[in-house]
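Here's the structure we're looking at; comments come further down.
No experiment lies behind these values; they were computed from the predicted model shown. Labels below follow one simple rule: chain letters A, B, ... track the order of the sequence lines, proteins then strands, and each chain is numbered from 1.
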Amino acid sequence: MTDDRTDDRTDDADPARGVFGISVASDLVGTGVQNLRAYERAGLLTPDRTSGGTRLYSPDDVARLRRIQRLLADGLNLAGVARVLDLEDDNTDLREQLDRALDAQAPTSSS
DNA sequence: TTTCTAACA
DNA sequence: TGTTAGTA
């Protein structure tokens, strides 16, 4: 029913391109807007910015914010969270390359 | 909406 | 140290 993607919907659902206001993002994660700014200041995430300087959080950023709160609740500080997020990000990229390399090496039964 | 400062746990 | 509150 809502599968009408043949309309004039040029922009596809890009999880990293969605735009949420800081108030919406803060509400989604269950925190205040000031906290989101503190996280950005700590380098935990970098939301996109509009021409007016308004922060635009994407669904991917919101998911990361939830991971941030998860790590904070685990006892980590902003510096520790930044470190974990950075490592996880690199790990995801490395795993993707590894999976691609393995698939290219053995697409079917190996020799 | 943004930024800053102040105070609290 | 991190969060909340109020303000311009």
Inset, instruction - Looking only at side-chain atoms of A:Leu72, point me to the closest of B:dT1, C:dT1, C:dT3. - result: C:dT3
Inset, instruction - Considering just the side-chain nitrogens and oxygens of A:Arg55, establish if one lies under 4.0 Å of OP1 or OP2 belonging to B:dT1. - result: no
Legend entry - A:Leu76 CG to C:dT3 P, straight-line distance once rounded to whole Å: 12 Å
Legend entry - Distance-minimising heavy-atom pair for A:Ser26 and A:Leu36: N-CD1, 3.4 Å
Inset, instruction - Measure the distance from CD1 on A:Ile68 to P on C:dT1 and round it to the nearest whole Å. - result: 18 Å
Inset, instruction - Compute whether any side-chain donor of one residue and acceptor of the other, for A:Asp61 and A:Ser58, lie under 3.5 angstrom apart. - result: yes
Legend entry - OP1 or OP2 of C:dT3 under 4.0 Å from side-chain N/O of A:Tyr39: yes
Inset, instruction - Determine the minimum heavy-atom distance between A:Leu28 and A:Arg66, stating which atoms define it. - result: O-NH2, 3.6 Å
Legend entry - N/O (side chain, A:Ser23) to phosphate O (OP1/OP2, B:dT1) under 4.0 Å: yes
Inset, instruction - Grab the CD-P distance between A:Glu40 and B:dC4 for me, whole Å please. - result: 11 Å
Inset, instruction - Have a look at A:Arg49 and say if it touches a base, only the backbone sugar-phosphate, or nothing, with a 4.0 Å heavy-atom cut-off. - result: sugar-phosphate
Inset, instruction - Sort out the partner of B:dT2 for me: Watson-Crick or G-U wobble, both distances under 3.5 Å, none otherwise. - result: C:dA8
Legend entry - Length of the CG-P vector between A:Leu44 and C:dT1, whole Å: 14 Å
Inset, instruction - Ignoring the backbone of A:Leu78, work out which of C:dT3, C:dA5, B:dT1 is nearest its side chain. - result: C:dT3
Inset, instruction - Mark yes or no for a side-chain to base donor-acceptor pair under 3.5 Å between A:Gln34 and C:dG6, with no hydrogen or angle criteria applied. - result: yes
Legend entry - Rounded distance in Å - CG (A:Leu65) to C1' (C:dG2): 15 Å
Legend entry - Donor-acceptor side-chain pairing of A:Gln34 and A:Arg37 below 3.5 angstrom: yes
Inset, instruction - Measure from CZ on A:Arg41 to P on B:dC4 and round the result to the nearest Å. - result: 6 Å
Inset, instruction - Decide if atom CZ of A:Arg49 counts as having more than 12 heavy atoms of other residues, nucleotides or ligands within a radius under 6.0 Å. - result: yes
Legend entry - Interatomic distance, A:Arg37 CZ vs B:dT2 C1' [rounded to whole Å]: 6 Å
